[in-house]
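Data block below; observations after.
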Amino acid sequence: MLEGALAGLAAGGLYAVLGVCLTLMARLVRVVNFAQAATGMFGGFCAVWLVTKAGMPVWIGSVLGVLIGGLLAAAIGWIAATWLSEASTTTRSAMTVGPLLLLISLSFILFGNKPQPFAPIIAGPAFSIGGVVISQVTVWTVGMAVVVALGVHVLLTRTRIGTQLRALSERPTTAELLGIRSRPLSIAVWFVTGVISAIAIVIVAPSQSNDATSLSMLIIPAAAAALLGGFKRLGLTVVGGLVLGVLGGLVAQINEISLVRNFLPFLFIVVLLLWTQRKEVWDAAR
């Protein structure tokens, strides 16, 4: 059981990183970005093509792929900031479903529908616990989730840019009247979260299912993790991602219920939604 739980930490770290990105987007630019994982996936696929077809070194190809993922996210952000700046959160979030489907379809056309031969940029064991080896990938993904969450917290609470970002999210009209340039800051948030997502996917993709659909649908467990924090609390989002990963690893060890692993994020979301709406549900049931 310990082996299964620790094996799930790598996936949990990835869910946590993507969940933190979703939370950051929801807090700062009023969007639940359903294309969050898809932009990272496409950037990762570009990295594979640059390495395998263009003959670039792995690190250079990976960096360029990550930048492509960030630029794709920034392009979506530019559309949202230009034409949907006054739209509701629901409308802005629904808009991102289009890029999600577009990037999946485009990846099928350009790269095929099979898993891609990602070259591991981080490999090997890090240390062992109780005889169970913890991989470098696990350490990096969990560490990345914690560092990103802490970094964002410090940025938002201790820096001038963070103050401007919070002003834009809470009082956008007032912020613009005070001279804060909303569009560049908004697009920068999209770009940074796109880069972070692409880095996480490039790190983890060699060790899990890495076809376009599987990677893009990582948005589901990421959303479940973000939902635990109410799309506001970064710490709870990290915890949610790690818990999901550990639970998935544990369930995978039990043959009788191993198939349930694929449905855990959905169950997680349903339970959280029922819990957050418990007062209304219980009042209606009386």
Side-chain angles (χ1 to χ4, degrees), residues 1-23 34 36-41 43-45 66 69 115-116 118-130 132-149 193 196-229 234-255 257-269 271-272:
M1 298 295 284
L2 177 62
E3 182 179 359
L6 294 178
L9 277 178
L14 178 59
Y15 303 158
V17 172
L18 294 175
V20 167
C21 290
L22 283 178
T23 301
F34 293 105
Q36 190 75 61
T39 54
M41 171 276 297
F45 278 21
V66 165
Q116 297 296 304
F118 279 85
I121 58 175
I122 297 171
F127 55 89
S128 62
I129 299 177
V132 179
V133 176
I134 307 298
S135 68
Q136 293 275 7
V137 169
T138 300
V139 173
W140 274 82
T141 52
V142 174
M144 185 177 177
V146 173
V147 169
V148 169
T193 56
I196 293 172
S197 300
I199 291 173
I201 286 176
V202 167
I203 290 174
V204 175
S207 60
Q208 72 163 46
S209 298
N210 56 34
D211 60 279
T213 304
S214 296
L215 291 178
S216 298
M217 289 301 105
L218 288 170
I219 193 65
I220 297 173
L227 186 60
L228 180 64
L234 297 171
L236 282 179
T237 298
V238 173
V239 171
L242 296 179
V243 167
L244 265 178
V246 170
L247 287 176
L250 288 172
V251 170
Q253 297 290 307
I254 306 172
N255 292 331
I257 60 172
S258 59
L259 290 177
V260 177
R261 179 184 184 184
N262 297 324
F263 301 100
L264 274 178
F266 296 102
L267 295 174
F268 203 76
I269 289 172
V271 170
L272 287 174

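Please read all numbers here as calculations on a predicted model, not as lab measurements.
- A149 and L234 make their closest contact through O-CD1, 3.6 Å (heavy atoms, listed as atom of the first residue, atom of the second, distance).
- In this structure, the side chains of I219 and L22 come closer than 4.5 Å at one or more pairs of heavy atoms.
- Atom CD1 of residue I201 and atom CD of residue Q36 lie 8.5 Å apart, to the nearest 0.5 angstrom.
- Here the OG1 atom belonging to T138 is positioned 10.5 Å from the CD1 atom belonging to I122, to the nearest 0.5 angstrom.
- Looking at L242 and V142, their side chains come closer than 4.5 Å, going by heavy atoms from C-beta outward.
- In this structure, S207 contributes its side chain and V204 its backbone to a donor-acceptor pair below 3.5 Å.
- Summarising the geometry of S216 relative to A37, their closest heavy-atom pair is O-CB, 3.6 Å, with the distance given to 0.1 Å.
- In terms of heavy-atom proximity, A10 sits nearest to V137 at CB-CG1, 4.3 Å.
- Of all heavy-atom pairs between G241 and A225, the closest is N-CB, 3.4 Å.
- A pairwise comparison of heavy atoms in I220 and I269 identifies O-CD1, 4.0 Å as the closest pair.
- Using modelled atom types, one side-chain atom of T23 and one backbone atom of G19 make a donor-acceptor pair closer than 3.5 Å.
- In this structure, the separation between CG on D211 and CE on M217 is 10.5 Å, given to the nearest 0.5 Å.
- Exactly one residue among V139, I196, V20 makes a side chain to side chain contact (heavy atoms under 4.5 Å, CB included) with M144. That residue is I196.
- Shortest non-hydrogen contact noted between A123 and Q136 is O-CG, 3.5 Å.
- Formation of a donor-acceptor pair under 3.5 Å by the Q208 side chain with backbone atoms of S214 is not found in this model.
- Annotation: the span from L227 atom CG to L272 atom CG amounts to 5.0 Å, rounded to 0.5 Å.
- Between L14 and the choices L215, I203, L218, L9, the side chain to side chain contact (heavy atoms under 4.5 Å, CB included) rule is met once, by L218.
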